[in-house]
Amino acid sequence: MSFPLLTATAALPAVGAIATAAVPAARRTAAKWLALLFSLATLAAALVVVFRFDPDKAVNAPGDRYQLAESHAWIADFGVRYELGVDGIGVALLGLTALLIPFVVLAGWHDADPEDGKNAKDSVASGRWRPTQGFFALILMVEAMVILSFVATDVFLFYILFEAMLIPMYFLIGGFGDKAGANGEKEAATQRSYAAVKFLLYNLVGGLIMLAAVIGLYVVGGTFSLTEIAEARAAGNFEMATNTERLLFLGFFFAFAVKAPLWPLHTWLPNAMGEATAPVAVLITAVVDKVGTFAMLRYCLQLFPNASEWATPVILGLALVSIVYGALLAVGQRDIKRLIAYASISHFGFIIMGIFAMTSQGQSGATLYMVNHGISTAALMLVAGFLITRRGSRLIADYGGVQKVAPILAGTFLVGSLATLSLPGLAPFVSEFLVLVGTFSRYPVVGIIATIGIVLGALYTLVLYQRTMTGPVKQNVSTMPDLRVRELVVVAPLIALLIFLGVYPKPVTDLVNPAVDQTLSDVQKHDPEPEVEAAK
């Protein structure tokens, strides 16, 4: 029996979460270093997975589609198995998750420290207060669940993880939220609680609808295993009535559209990102939300190919609304973090549009966009978090002239902003270009309308930079310190990755292209033939 590499990769942050939570209350620094150590160990294991993965291995054989496979009986009476396996799309997102968590840990190094004061010191001394340990333990627990969700090949196992990750995220938003911009601790706590409850309710409703669809899938197919379903379909032994397939598809898609988030199911995201600390906001939009778009590729298209094609026109319309609506609202925002949240809604619209364009360029671009959006949003949000921590305000109007007093902070903020607007030479440009090309080749009108999002993206990012970083130096900004060493360690690798993948995206596209081809084969789609006039 081969070494269970995928289980070990997910187990590392889970064990790290337990170990971090168990650190004595007075040893906060030890808990931080322990969490960082386990996140780095998980990254090392993820790199082993990436290098062990062969993207060209038997991509046309359904039984060998998922590599590094593990399968064990779990709930035998209900046909539930602990089944893991990874394809090119899953391995790219697994790598993204493992890459970002160490930066999230470093960026949030002081976010959960108890406030100064006699009561706080007494609580720590008595061993009754462990906010720091809890904060980092929850982050590692989310990482473990997200990694497992990217490699699960049993639908029921995926559902359990899909729902379970809501619990630590709820406490991260509600218990460790951002206090900047709030009028007093009581109002801050109220806002955090509202955002956390809204996040939980939206996602729980989506999950409950998905549960009904998961049960329906088992009734129809007699199994939860993706591999068994693929083999049965290839042998012509897996058929669903048209209406049944459409209903099951809608049950799955609704849950994924909430998680993604897709308009009009998006309203929880600006609240959650606005009230969370910057590292937790990165965890939400760069890591957890990717589970929704990933699941559209893995479950909606593979399990329900005919229903996916049937729903494509409506989904493309919703994606267009997300692109334009999210960008328009970002233009009008006065809160830095909410602006980034609405920009992410617009970007997720591009990702979903690329998935349902049903072309190789569109789906490759969408997967690459998931990776690049994760890196670019992490870079911009974390620098914004460092900025907000210094000034104590999320309002754009409270800033001005930052580049004169903190040039390195302003420079990294500029690169993150330019990546958000998909400037050529930075990573998101390649993915956005592929999505638009793939969409235009099959749905030219949709592709043309989607370019409005690009224009608006340039507007909101450049206006944000102008209003915060240029102009006269405001009084409360005049003594603002530049980025410290820890903060540079967080930001510099992300900026380097944005430039590297903007110039040379081949390492990621080589991973995902064979899996995209297989997904297109599942829905029986081929790229449209180019229309070229015959030479005279």
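All values derive from a computational prediction rather than experimental measurement.
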Parallel under 30°, tilted from 30 to 60°, perpendicular over 60°: which one fits the rings of F224 and F156? tilted

Less than 3.5 Å apart, any donor N or O on the side chain of [X] or [Y] sitting next to an acceptor on the other?
| X | Y | answer |
| --- | --- | --- |
| Q333 | Y342 | no |
| H373 | S344 | yes |
| Y399 | S393 | no |
| Q403 | Y465 | yes |
| Y202 | T267 | yes |
| T20 | Q133 | no |

Reported CE-to-CD1 distance for the pair M381 and I284, which is rounded to 0.5 angstrom: 8.5 Å

So how far is it from M169 CE to I139 CD1, rounded to the nearest 0.5 Å? 9.0 Å

Taking the six-membered ring where the residue is Trp, are the ring centres of W268 and F199 under 6.0 Å apart? yes

With the side chain counted from C-beta on, respond yes when F348 and I323 share a heavy-atom pair under 4.5 Å apart, and no when they do not. no

May I have all residue pairs that pass side-chain hydrogen bond (donor to acceptor under 3.5 Å, both in side chains) and include part of residues 138-162, sequence neighbours excluded? none

Determine whether a donor-acceptor pair (N or O, by modelled atom type, separation under 3.5 Å) exists between the side chain of T132 and the backbone of A112. yes

Taking NZ, NE, NH1 and NH2 as the nitrogens, is one of them in R338 or E275 under 4.0 Å from a carboxylate oxygen of the other? no

Under 4.0 Å between a Lys/Arg side-chain N and an Asp/Glu carboxylate O for K259 and E163? no

Ignoring hydrogens and angles, write down the donor-acceptor pairs under 3.5 Å from the side chains of residues 85-94, residues two or more places apart or on other chains.
unit_1, atom_1, unit_2, atom_2, d
D87, OD1, I89, N, 3.4
D87, OD1, G90, N, 2.9
D87, OD1, R298, NH2, 3.1

